[in-house]
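Input: a single structure, listed below in structure tokens.
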Amino acid sequence: MNETYLIQQVIKAIKGLYQHDILEKNVQISKTRKEFSGDYTLVVFPLLSISKKSPESTANDIGEYLKNNYSALESFNIVKGFLNLSLKSEFWIEKLKLFNSLNDNLSSANNKVLIEFSSPNTNKPLHLGHIRNNLIGHSVSEILKKAGNEVVRVNLINDRGIHICKSMLAWQKWGNGETPASSSLKGDHLIGKYYVLFDVELKNEIADLVSKGNSDEFAKNNTSLMKEAQEMLQKWERGDIEIISLWKKMNSWVYEGFEQTYNALGISFDKIYYESETYLLGKNIVAEGLKKGIVEKKTDNSIWVNLTDDGLDEKLLLRADGTSVYITQDLGTAIMRYNEYKPNKMIYVVGNEQNYHFQVLKLVLKKLGNEFSDSIQHLSYGMVELPDGKMKSREGTVVDADNLIDEMIDTARQISVELGKLDGFSDDEKNQIYKAIGLSALKYYILKVDPKKNMTFNPKESIDFNGNTGPFIQYTYVRINSILRKANDSNIEYKKVDNNYDLNEKELELIKLLNQYQLVINEAASSLSPAIIANYTYELAKEFNQFYHDFSILNAENETIVKFRLLLISFYKNVLKDAMSLLGIEMPERM
RNA sequence: GGUUCCGUAGCUCAGUUGGAUAGAGCAACAGCCUUCUAAGCUGUGGGUCCCGCGUUCGAAUCGCGGCGGAAUCACCA
């Protein structure tokens, strides 16, 4: 809690009472817990060595001092070593007024931040893990922007490498010219089908070799299919016209498919990099490193970097046949990006299974003389697991992104129809609302969990639409909206508020919570965590619903109260919408 | 085996730089629609915060040691 104005008052009090200077960070002020009365609580224990008095009398000294010297203070009370301070209504009403200018009082970090997320392979459709990546990336971008940073969103498409050759080869061998049009399969799903087929056929071949008396080890390393795939990769790197044109054709199918999924999720990028366009730079960088003697060539011509001095291992940078590996292109991409944008910070949204990779990447970049290496931050997020463990494509347990999105929207439709809330809307309007609700359930479900933690998704239990969920928050918004619409229809003017307004307890709670928004944004931005925003929106919604239940707004006791409450809830509406937009979640006007 | 991360209610998760009697949702049970949208509100039950030791006025939070789980240590990406 950085309520600076209060902290300054306490510092003054300590100085006045005990002639002692104290640092801001040593003043512990927090929100007062619900079971006690007060707005803020000062923990006096750390101050005892200065006051040389008991906790109670120290708290009393400070309380009295503030009472006499700080005009905003209404009253105080002391429980054990805790000094609870209540501020005057006027103080909170002034705070509330600041929400008239919601968007222009943000801390401006003025940093340029480049953030990479999504980064799909072009050999299979997106799944639930990718959804988490995309949602986190998009949301963190929005949060950083809100906190005053310039944000560049980039996607790095992994469009080359042995895995792409596998699906190309399988399609060439067994595809019979199948296309998305001919099969009415989404392009990325079509390619995925052949990637799986390759794996199946590869297993068959290995089994065949083993049955002919070869060892498992030998069989694995000597399949004709793998050899063909490797030859294809070499041809690709040499620019073989036939292979390149096949590659372009198949990739274009995948991009069309991805585009649909990105659109459904509401995600976009400022810049898309393709590994096929950056990996050569990576190779050059490795070659330079070789000249400088930073990396070394082994007898089989493969190139390695030795990181044993840094507690890590040796790492391959180029294969013996000269083709590049994952980290090769990542080196090139990082340098290219840095030179292009000169950001203060580069964030990579990549799963925690690649923690080691990023350790290596930063080290190698540094060794090669790139000081910006220190500005790279790996936003390492946890895996999405199923109740019995990891998703495995071989076992067909992968939760497909497109299917899941469709299911969520369909569930939203079913619930809405059951409740009969959208009777009288056009089909277009209805579909738009179903989509907003279904996606909010999905997005909120994923984003409310701390990114760095693994999370469990149970496909058998559908994602909830009640309780701590996206639709609940949307519903709250819609309720507010409905009241404001009625107020508008009756031409009630509620933009002004009198400082003498007598706040009731719940109204005060609502203002205090609203007042935290700025802090919450800053915290979410510094910890790169959409979960902080999500949990805050839930608090907002819960508080409002209690208020809504306990107090009438349009039929309040008198006009002053009606107007005040309308103003208050209109700020709730704005903040709810604003906060949810940071999660990439749209708010329907009715539902 | 080395390194990193994690362990909070039956389940899914919160718990802000160490602060007061550890919180929500789901699931279960019991109430609340003639009144601003019941996708809501209220209540009941549910805990060895993995275990132990330490630091501290104070530990779910920090340190050390265990136990349990995950990831990684690829000429996959």
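Labels below follow one simple rule: chain letters A, B, ... track the order of the sequence lines, proteins then strands, and each chain is numbered from 1.
Judged by distance alone, the side chains of A:Asn123 and A:Ser167 never bring a donor and an acceptor atom under 3.5 Å apart. A:Asp410 and A:Gln414 share a side-chain donor-acceptor pair at under 3.5 Å.
RNA chain B is contacted by both A:Ala541 and A:His163; A:Ala541 maps to the nucleotide lying nearer its 5′ end (nearest heavy atom per residue). With the nearest nucleotide of RNA chain B identified for both A:Ile437 and A:Asn84, A:Asn84 has the one nearer the 5' end.
Contact annotation: A:Gln28 does not reach the phosphate of B:rG19 (side-chain N/O to OP1 or OP2, under 4.0 Å). The phosphate of B:rC36 has neither OP1 nor OP2 within less than 4.0 Å of any side-chain N or O from A:Arg565. For the pair A:Tyr536 and B:rA14, the criterion of a side-chain N or O lying under 4.0 Å from OP1 or OP2 is not met. The side chain of A:Lys453 contributes an N or O atom lying less than 4.0 Å from OP1 or OP2 of B:rG7.
Counting any heavy atom pair closer than 4.0 Å across all strands shown, A:Leu318 reaches no nucleic acid atom. Residue A:Phe472 is in sugar-phosphate contact alone, with no base atom involved, counting any heavy-atom pair closer than 4.0 Å across all strands shown. Within 4.0 Å of A:Asn458, counting heavy atoms only, lies no atom of the nucleic acid at all. Residue contacts shown for A:Pro46 include a base, since a base heavy atom lies under 4.0 Å away. Within 4.0 Å of A:Thr456, counting heavy atoms only, lie sugar-phosphate atoms of the nucleic acid but no base atom. Note on A:Phe551: a base of the nucleic acid sits closer than 4.0 angstrom, heavy atoms only.
Every residue was checked against the side chain to side chain donor-acceptor pair (under 3.5 Å) condition with A:Glu418, not counting sequence neighbours, and none meets it.
Between A:Arg160 and A:Glu237 a salt bridge is recorded (basic side-chain N to carboxylate O distance below 4.0 Å). One finds no salt bridge joining A:Lys512 and A:Glu539 here, because no Lys/Arg side-chain nitrogen approaches an Asp/Glu carboxylate oxygen to under 4.0 Å. Salt-bridge formation is not detected for the pair A:Asp216/A:Lys220: no Lys NZ or Arg NE/NH1/NH2 atom is positioned less than 4.0 Å from an Asp or Glu carboxylate oxygen.
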Salt bridge (Lys or Arg N to Asp or Glu O under 4.0 Å) evaluation trace for A:Glu559 with A:Lys563 | CA-CA 6 Å; A:Glu559 204 184 327; A:Lys563 288 183 175 178; 3.2 Å; yes
In B/S/- notation (B base, S sugar-phosphate only, - none; protein heavy atoms under 4.0 Å), nucleotides 21-27 of chain B written 5' to 3' is S-SSSS-
Per-nucleotide protein contact string for nucleotides 68-75 of chain B (B base, S sugar-phosphate only, - none; heavy atom under 4.0 Å) | --SSSS-B
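One can place CD of A:Glu589 at 14 Å from C1' of B:rU37, the figure rounded to the nearest angstrom. In this structure, CG of A:Asn535 is placed 9 Å from C1' of B:rG15, rounded to the nearest angstrom. Taking atom OH of A:Tyr477 as the reference point, atom P of B:rA39 lies 19 Å away to the nearest angstrom.
Both stacking criteria are satisfied for A:Phe82 over the base of B:rA20: a centre-to-centre distance under 5.5 angstrom and an angle between ring planes under 30 degrees.
Against the 90° criterion about 0, the sugar-base torsion of B:rC64 places it in the anti range.
Annotation: cation-pi geometry satisfied between A:Arg479 and A:Tyr548 (NZ/CZ under 6.0 angstrom from ring centroid, within 45° of ring axis).
Across the strands present, B:rA38 finds no partner; the criterion is a Watson-Crick or G-U wobble pair with both atom distances under 3.5 angstrom.
Less than 6.0 angstrom separates the ring centroid of A:Tyr279 from the ring centroid of A:Trp236.
Counting heavy atoms of neighbouring residues, nucleotides and ligands inside a 6.0 Å radius, atom CD of A:Gln432 does not exceed 12 of them.
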